[in-house]
S.K.: 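Here it is, the structure in full.
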Amino acid sequence: MRMSQLYAPTLREVPAEAEIASHQLMLRAGLIHKVAGGIYSYMPVGWRSMKKIINIIREEMDKKGGQEMCMPIVQPAELWQESGRWSVYGKELMRMQDRHGRDFLLAPTHEEVITSHLKNDVRSYRQLPLLPYQIQGKFRDERRPRFGVIRSREFLMKDLYSFDRDEAGLDISYHKMHDAYTRVFSRCGLNFRPVVADSGAIGGEGSHEFMALSEVGESEIIFCHGCDYAATNEIASVAPQPTGLGEDMLPIENVETPNCTSVDDVARLLGVTNDRMVKTLCYIAIYEQEEKFVVALLRGDRQMNEIKLLNHLGCLELRFATDDEVRAHQMAPGYCGPVGLAEDVYIVADNEVPLMVNHECGAGKKDHHLLHVNYQRGDYRISETADLMLVEKGAICPVCGKTLDSARGIEVGQIFKLHTKYSAKLGARYVDENGAEHDMVMGCYGIGVGRTMAAVIEQHHDEFGIIWPITVAPYEVIVVPVNDKDAWLVEQAENLYQELLCHKVEAVIDDRQERPGVKFNDADLLGFPIRVVMGKKLRDNGLAEIKLRESGRVIEVPLAELAATVMELRAAMFAGLDPDK
RNA sequence: CGGGGCGUAGCUCAGUUUGGCUAGAGCGCUACCUUGGGGUGGUAGAGGCCGCACGUUCAAGUCGUGUCGCUCCGACCA
């Protein structure tokens, strides 16, 4: 490609709308254009990089027995009514009607369609397992699109679905995908980590997210330095650390605590630390048919993980109870406590709470708290205990007992075990060797392609621009003749360029009538892994200069060895990102 | 969805407080000259529904109402 012809609308200044480096660079390098909020075009240079990522994914999926296909993004509501998601999925699901007034949607994911195909096409265990996949656009009407292509509404995703005859088969498929994902992200040059995850609205048990480590990531991950434990903070658990262990149980005291409605205030007034308190949170759990008042108990210094609570309750939504709703259950807002609550109130406690000795808590009466409360003595009732706390840095690893650390990550992929959630609803069954019918056992496995590209840039850039790993670089080499008035120099550059093309090297020649500084800056911005500069030194000493974008290393090479050297360097870069080497 | 900020040239932004000539700058773009190893210097140009609508006024980029869009924080989310 000739730089003079390349459709790469680069920007010298940083567009005002972009906050993070990858978004700014994608805009500045002309990789993407915004069409509407959360909706982007991939421009030619950006799309070349996307195609590289797609090909890597495709190769790894095919290696594991995946079979590529393509499903529609516009789907009829009936399918989603059958699976139950038409009513469950919220406003994120883009719904619409056709000219006849029939309901359709823009697919945010494709479980329904693929499952309905398998239902029609697969009868026998002999046809399983099957691993169909596609690389398709998806649409989710995000409340708040952000960070360019990282959280967009329309996005490109690879989604593979596994269909097995039983759980053992699912385990095999799941492990295949875990391995494939590790290879995909390694080849893309990402610093990533698979972590145990919540399976969210898609449902099912067993899930890993693949996190590209980055400070601008939207997810927090909790991991252990002492062992392999790593999980999203949505699901991370810890070893319980109840306070007061070994103390004698003291009699309950009712004390006045005027105007102290927060844990901090009360603890300060009583002269205890927050971890000696139990906080009582009142929620309204919203189910499809009903609403339920829920009291949740947590050690005073912990934060509630509402995702855990929501999953535990099995409800659709969760909100704080209003002051009136709290009063309706014989409690005072700001002074709630579990002691003396009516029998019909559902009380769920974090695992730590029932083990705590002599804790303080609200008295259920305005301006009063109770001291030395003990569940084990029967001071109050708990309906159920569960893991409810939000795990933070510094907590204790549930596996090895060491201290946990935290980091932020961009979620570039996720794998789920769906089990029979969709096959049962949609009737995707097969007959085994004994003639018995079973639901197929499913898994689903997604990779955000655009997000992966953004994560690569987020991890590989400097103040001058993008530093592409060669495996996903739009072009591999740029040839820069320094002086376009020097015919001999231009000719040498052309020769090299043609020779590289002959060897299937993806090369660009900067044939623009620009100052060297302009060419160098654009080369840095666009992030070509290898830059060849031909200038004065070539004329005077017969030496061209090769500069590597990543290390900044400069090598001076005689003209005769130039092409061979470029190809060696290129091969070494590929080898460095090959998980088999 | 709640709260804040912003919509003026392709991009970054002045101008709006206190309404008043023909709406500005830098970058980019076009032509020519100059320069030729890190965004060279110069000359001449092109480029604007001042987001949209309605209203107030002799007069609106500037004031009011509405609306659309963008953005940040929060809530939420495979």
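What you see is a predicted model; the values in this text were computed from it and never measured. Heavy atoms only: backbone and side chains are in, while hydrogens, waters and symmetry mates are out. Labels below follow one simple rule: chain letters A, B, ... track the order of the sequence lines, proteins then strands, and each chain is numbered from 1.
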S.K.: Would the base of B:G37 count as contacting A:R539 through its side chain, where contact means a donor and an acceptor less than 3.5 Å apart?
M.R.: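 Per atom types, no contact qualifies.
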S.K.: Using the P atoms only, state how far B:G15 lies from B:G20, rounded to an integer number of Å.
M.R.: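 That atom pair is separated by 13 Å.
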S.K.: Hey, are A:R319 and A:E325 close enough for a salt bridge, meaning a charged N less than 4.0 Å from a carboxylate O?
M.R.: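 A salt bridge is present here (some side-chain N lies under 4.0 Å from a carboxylate O).
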S.K.: Map A:E19 and A:K537 onto RNA chain B by nearest heavy atom, then report which one ends up closer to the 5' terminus.
M.R.: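 Result: A:K537.
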S.K.: Which nucleotide, B:G26, B:C72, B:G37, lies nearest any side-chain atom of A:P516?
M.R.: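 Taking heavy atoms from C-beta onward, the closest nucleotide is B:G37.
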S.K.: Which part of the nucleic acid, if any, lies within reach of A:V14 when heavy atoms closer than 4.0 Å are counted: base, sugar-phosphate only, or nothing?
M.R.: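 Contact class for A:V14: sugar-phosphate only.
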S.K.: Does the ring center of A:Y133 lie less than 6.0 Å from the ring center of A:Y161?
M.R.: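 No; A:Y161 has its ring centre 6.0 Å or more from that of A:Y133.
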S.K.: Between B:C29 and B:G74, how far is it from one C1' atom to the other, in whole Å?
M.R.: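 B:C29 and B:G74 have their C1' atoms separated by 42 Å.
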S.K.: Quick one: pull up NZ in A:K308 and CE in A:M389 and give me the separation to the nearest 0.5 Å.
M.R.: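 Nearest 0.5 Å value for the NZ-CE distance: 6.5 Å.
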S.K.: Rounded to the Å, how far apart are A:R151 CZ and B:A75 P?
M.R.: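 Computing the A:R151:CZ to B:A75:P distance gives 13 Å.
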S.K.: For A:D486, which contact category applies under a 4.0 Å heavy-atom criterion: base, sugar-phosphate, or nothing?
M.R.: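 No contact at all - A:D486 keeps every heavy atom at 4.0 Å or more from the nucleic acid.
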S.K.: Just checking A:F147: base, sugar-phosphate only, or nothing, at a heavy-atom cut-off of under 4.0 Å?
M.R.: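 No contact at all - A:F147 keeps every heavy atom at 4.0 Å or more from the nucleic acid.
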S.K.: Check the distance between B:C76's C1' and A:K91's NZ and give it to me in whole angstrom.
M.R.: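 A:K91 atom NZ is separated from B:C76 atom C1' by 12 Å.
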S.K.: What's the NZ-C1' distance between A:K34 and B:C11, to the nearest Å?
M.R.: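 Value for this atom pair: 14 Å.
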S.K.: Please check if atom CD in A:E550 has more than 12 non-hydrogen atoms from other residues, nucleotides or ligands closer than 6.0 Å.
M.R.: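 12 or below, so no.
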S.K.: Within the 4.0 Å heavy-atom criterion, would you say A:E306 contacts the bases, only the backbone, or no part of the nucleic acid?
M.R.: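 Sugar-phosphate only.
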S.K.: By the 4.0 Å heavy-atom rule, please label A:K138 as base, sugar-phosphate, or nothing.
M.R.: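 Nothing, no heavy atom under 4.0 Å.
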S.K.: Which nucleotide, if any, forms a Watson-Crick or G-U wobble pair with B:G64, using both distances under 3.5 Å?
M.R.: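 Here B:G64 is engaged in a pair, and the nucleotide opposite it is B:C54.
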S.K.: Has the side chain of A:E13 got a donor or acceptor that lies under 3.5 Å from a partner of the other kind on the base of B:G28?
M.R.: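 No, no donor-acceptor pair under 3.5 Å.
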S.K.: Under 4.0 Å, counting only non-hydrogen atoms across every strand here, what does A:G37 touch: a base, just sugar-phosphate, or nothing?
M.R.: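 Result for A:G37 = sugar-phosphate.
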S.K.: Is any side-chain N or O of A:N483 under 3.5 Å from a base N or O of B:G37, one able to act as donor and the other as acceptor?
M.R.: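 Answer is no: no donor-acceptor pair is held.
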S.K.: By nearest atom, which of the nucleotides B:G37, B:U71, B:G39 is closest to the A:N521 side chain?
M.R.: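 Output: B:G39.
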S.K.: For B:U62 and B:U57, measure between their C1' atoms and round to the nearest Å.
M.R.: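 So the two C1' atoms sit 13 Å from each other.
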S.K.: Side chains of A:D159 and A:Q134: donor-acceptor distance under 3.5 Å anywhere?
M.R.: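 Note: A:D159 and A:Q134 side chains meet the donor-acceptor criterion.
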S.K.: Which value, in whole Å, describes the distance between the P atoms of nucleotides B:G4 and B:G42?
M.R.: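 Rounded to whole Å, the distance is 47 Å.
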S.K.: Whole Å only: how far is the CG atom of A:D484 from the P atom of B:G37?
M.R.: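 Spelled out: CG on A:D484 to P on B:G37 is 11 Å.
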S.K.: Between B:U43 and B:C6, how far apart are the C1' atoms? Round to whole Å, please.
M.R.: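 It works out to 38 Å between them.
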S.K.: When the C1' atoms of B:G3 and B:C21 are considered, how many whole Å apart are they?
M.R.: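 42 Å, rounded to whole Å.
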S.K.: Where does the angle between the aromatic ring planes of A:H178 and A:Y174 fall among parallel (under 30°), tilted (30 to 60°) and perpendicular (over 60°)?
M.R.: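 The rings of A:H178 and A:Y174 sit tilted, inter-plane angle from 30° to 60°.
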S.K.: Is any N or O donor-acceptor pair between the side chain of A:E514 and the base of B:G39 shorter than 3.5 Å?
M.R.: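 Between B:G39 and A:E514, which were checked side chain against base, a qualifying N/O pair under 3.5 Å is absent.
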S.K.: Want to settle it: does A:E142 or A:L525 sit nearer the 5' end of RNA chain B, counting the closest nucleotide to each?
M.R.: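 Result: A:L525.
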S.K.: Report the C-alpha distance between A:E411 and A:S219 in whole Å, list the side-chain angles of each, state the deciding distance to 0.1 Å, and finish with yes or no for side-chain hydrogen bond (donor to acceptor under 3.5 Å, both in side chains).
M.R.: CA-CA 7 Å; A:E411 184 196 338; A:S219 311; 4.7 Å; no
S.K.: Mind checking the P distance from B:U22 to B:G26? Whole angstroms is fine.
M.R.: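 23 Å, rounded to whole Å.
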S.K.: Name the pairing partner of B:G2, where a pair is Watson-Crick or G-U wobble with both distances under 3.5 Å, or state none.
M.R.: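 Checking every strand shown, B:G2 finds its partner in B:C73, with both distances under 3.5 Å.
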S.K.: If you measure from the C1' atom in B:G2 to the same atom in B:G38, how many Å do you get, rounded?
M.R.: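 That atom pair is separated by 49 Å.
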S.K.: Rounding to an integer number of Å, can you tell me how far A:Y40 OH sits from B:C70 P?
M.R.: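 Result: 10 Å.
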S.K.: How are the rings of A:Y40 and A:H23 set relative to one another: parallel (under 30°), tilted (30 to 60°) or perpendicular (over 60°)?
M.R.: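 Perpendicular, since the angle between the ring planes exceeds 60°.
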S.K.: May I have the distance from A:L27 (atom CG) to B:U12 (atom P), rounded to whole angstrom?
M.R.: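 Computing the A:L27:CG to B:U12:P distance gives 9 Å.
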S.K.: In Watson-Crick or G-U wobble terms, both distances under 3.5 Å, what is the partner of B:G45?
M.R.: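 B:C29 - that is the nucleotide pairing with B:G45, both distances being under 3.5 Å.
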S.K.: Below 3.5 Å, does any donor atom in the side chain of A:R12 face an acceptor in the base of B:G28, or the other way round?
M.R.: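 For A:R12, whose side chain was compared with the base of B:G28, there is no donor-acceptor pair (under 3.5 Å).
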S.K.: Describe the nucleic acid contact of A:R153 in one word from base, sugar-phosphate, nothing, applying a heavy-atom distance below 4.0 Å.
M.R.: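 It contacts nothing in the nucleic acid.
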S.K.: Just the rounded figure in Å: distance from C1' of B:G2 to CZ of A:R144.
M.R.: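 Rounded to whole Å, this separation is 12 Å.
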S.K.: May I have the distance from A:R515 (atom CZ) to B:U35 (atom C1'), rounded to whole angstrom?
M.R.: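 Answer to the nearest Å: 5 Å.
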S.K.: Assign A:D522 to base, sugar-phosphate, or nothing according to its heavy-atom contacts below 4.0 angstrom with the strands shown.
M.R.: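 Result for A:D522 = base.
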